[in-house]
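Remarks on the structure that follows.
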Amino acid sequence: MLGMMAALAGALAVAAGAFGAHGTQGQAAEWLRTGGQYQLIHAVAALVALRLEARGPGWLFVAGGAIFALTLYAMALGAPRWLGAVTPIGGAMLIGGWLWLAWRMRG
C-alpha cells in the first residue's frame with residue numbers, strides 16, 4: 001500500500017508541476033511548483049524507505065508530502081489563504097520522517 005501511495009503521490013506531483021508551468025501564473029504557479037517539488041522528492045524518499053524496510057518514515061513522507069503539497073495546490077486553485085497555516089504541519093512531518101529514517105539507519 002505504501003508503494004502505491006508513493007507512486008500516486010509522484011503522479012500527482014508531476015501533474016501539479018505541469019499545471020503550474022502551463023496553466024497558471026504568478027503566486028499560483030509558484031505554489032504548484034513548490035508543492036510538486038516537495039511531493040515528488042518525498043514520493044521517491046518513501047519508495048526508498050520502503051526498500052529499506054522503514055515503513056514508518058515512508059508513511060511520514062507520503063502523509064507529510066500530501067499535507068504540505070495539497071494545501072499549496074488548494075490555495076493555487078482558489079482556496080482560502082488560511083490553509084497556508086496548515087502547510088508547515090506537513091513540513092514538520094517530512095522532517096520527522098527524515099529524522100526517523102536517520103535513527104533507523106544508525107550504525
Side-chain angles (χ1 to χ4, degrees):
M1 182 66 117
L2 175 57
M4 181 184 74
M5 295 303 290
L8 291 173
L12 180 59
V14 172
F19 183 62
H22 303 290
T24 62
Q25 55 188 339
Q27 184 64 57
E30 187 59 34
W31 283 330
L32 289 166
R33 183 174 327 142
T34 300
Q37 181 180 17
Y38 275 72
Q39 189 173 30
L40 185 58
I41 288 167
H42 288 89
V44 172
L47 291 171
V48 170
L50 178 62
R51 183 82 171 137
L52 295 172
E53 298 183 13
R55 292 192 189 311
W59 278 112
L60 275 181
F61 292 148
V62 168
I67 292 169
F68 183 90
L70 292 176
T71 55
L72 294 176
Y73 300 161
M75 289 190 307
L77 297 173
R81 286 198 165 200
W82 63 260
L83 276 175
V86 178
T87 306
I89 295 170
M93 292 171 74
L94 296 174
I95 293 167
W98 286 111
L99 293 173
W100 189 354
L101 186 60
W103 178 258
R104 289 201 38 126
M105 297 294 109
R106 71 191 188 286

Handout entry: Note, Thr87 side chain near Ile67 side chain (heavy atom, < 4.5 Å)
Key = no
Problem - Within 6.0 Å of CE in Met5, more than 12 heavy atoms from elsewhere - result: no
Problem - Side-chain touch Ile95/Trp100, heavy atoms, less than 4.5 angstrom - result: no
Handout entry: Cation-pi check, Arg106 onto Trp103 ring (under 6.0 Å, within 45° of axis)
Key = yes
Practice task
Search all heavy atoms of Ala74 against all heavy atoms of Leu83 and return the closest pair with its distance.
Solution key: CB-CD1, 3.8 Å
Problem - Heavy atoms from other residues, nucleotides or ligands near CE of Met105 exceed 12 (cutoff 6.0 Å) - result: yes
Practice task
Identify the heavy atoms of Ala13 and Gly36 that sit nearest to each other, and give their distance.
Solution key: CB-O, 3.4 Å
Handout entry: Phe68 backbone acceptor or donor facing Thr71 side chain under 3.5 Å
Key = yes
Exercise for the section: Considering non-hydrogen atoms only, spot the tightest contact between Gly58 and Ala46 and give its length. Expected result: O-CB, 3.6 Å
Problem - Joint cluster assignment, Val14 & Phe19, ILVMFWY side-chain distance < 4.5 Å - result: no
Practice task
Indicate if Leu60 and Met1 have the same hydrophobic cluster label, given that clusters are the connected sets of ILVMFWY residues with side-chain heavy-atom separations under 4.5 angstrom.
Solution key: no
Practice task
Spell out, as yes or no, whether a donor-acceptor pair under 3.5 Å connects the side chain of Arg104 to the backbone of Leu99.
Solution key: no
Exercise for the section: Specify the closest pair of heavy atoms between Gly35 and Ala69, including all atoms of both residues, with the distance to one decimal. Expected result: O-CB, 3.5 Å
Problem - Same apolar cluster: Tyr38 and Leu8, side chain cutoff 4.5 Å - result: no
Problem - Note, Leu12 side chain near Leu70 side chain (heavy atom, < 4.5 Å) - result: yes
Handout entry: Leu72 vs Leu32 side-chain heavy atoms within contact, under 4.5 Å
Key = no
Exercise for the section: Kindly assign one of parallel, tilted or perpendicular to the pair Phe61 and His42, based on the angle between their ring planes and the thresholds 30° and 60°. Expected result: tilted
Problem - Nearest heavy-atom neighbours spanning Ala43 and Gly10 - result: CB-N, 3.7 Å
Exercise for the section: Write down the atom of Met75, the atom of Arg81, and the distance for their closest heavy-atom approach. Expected result: SD-O, 3.5 Å
Practice task
Please answer: with hydrophobic residues joined when any side-chain heavy atoms are less than 4.5 Å apart, are Leu47 and Val62 in the same cluster?
Solution key: no
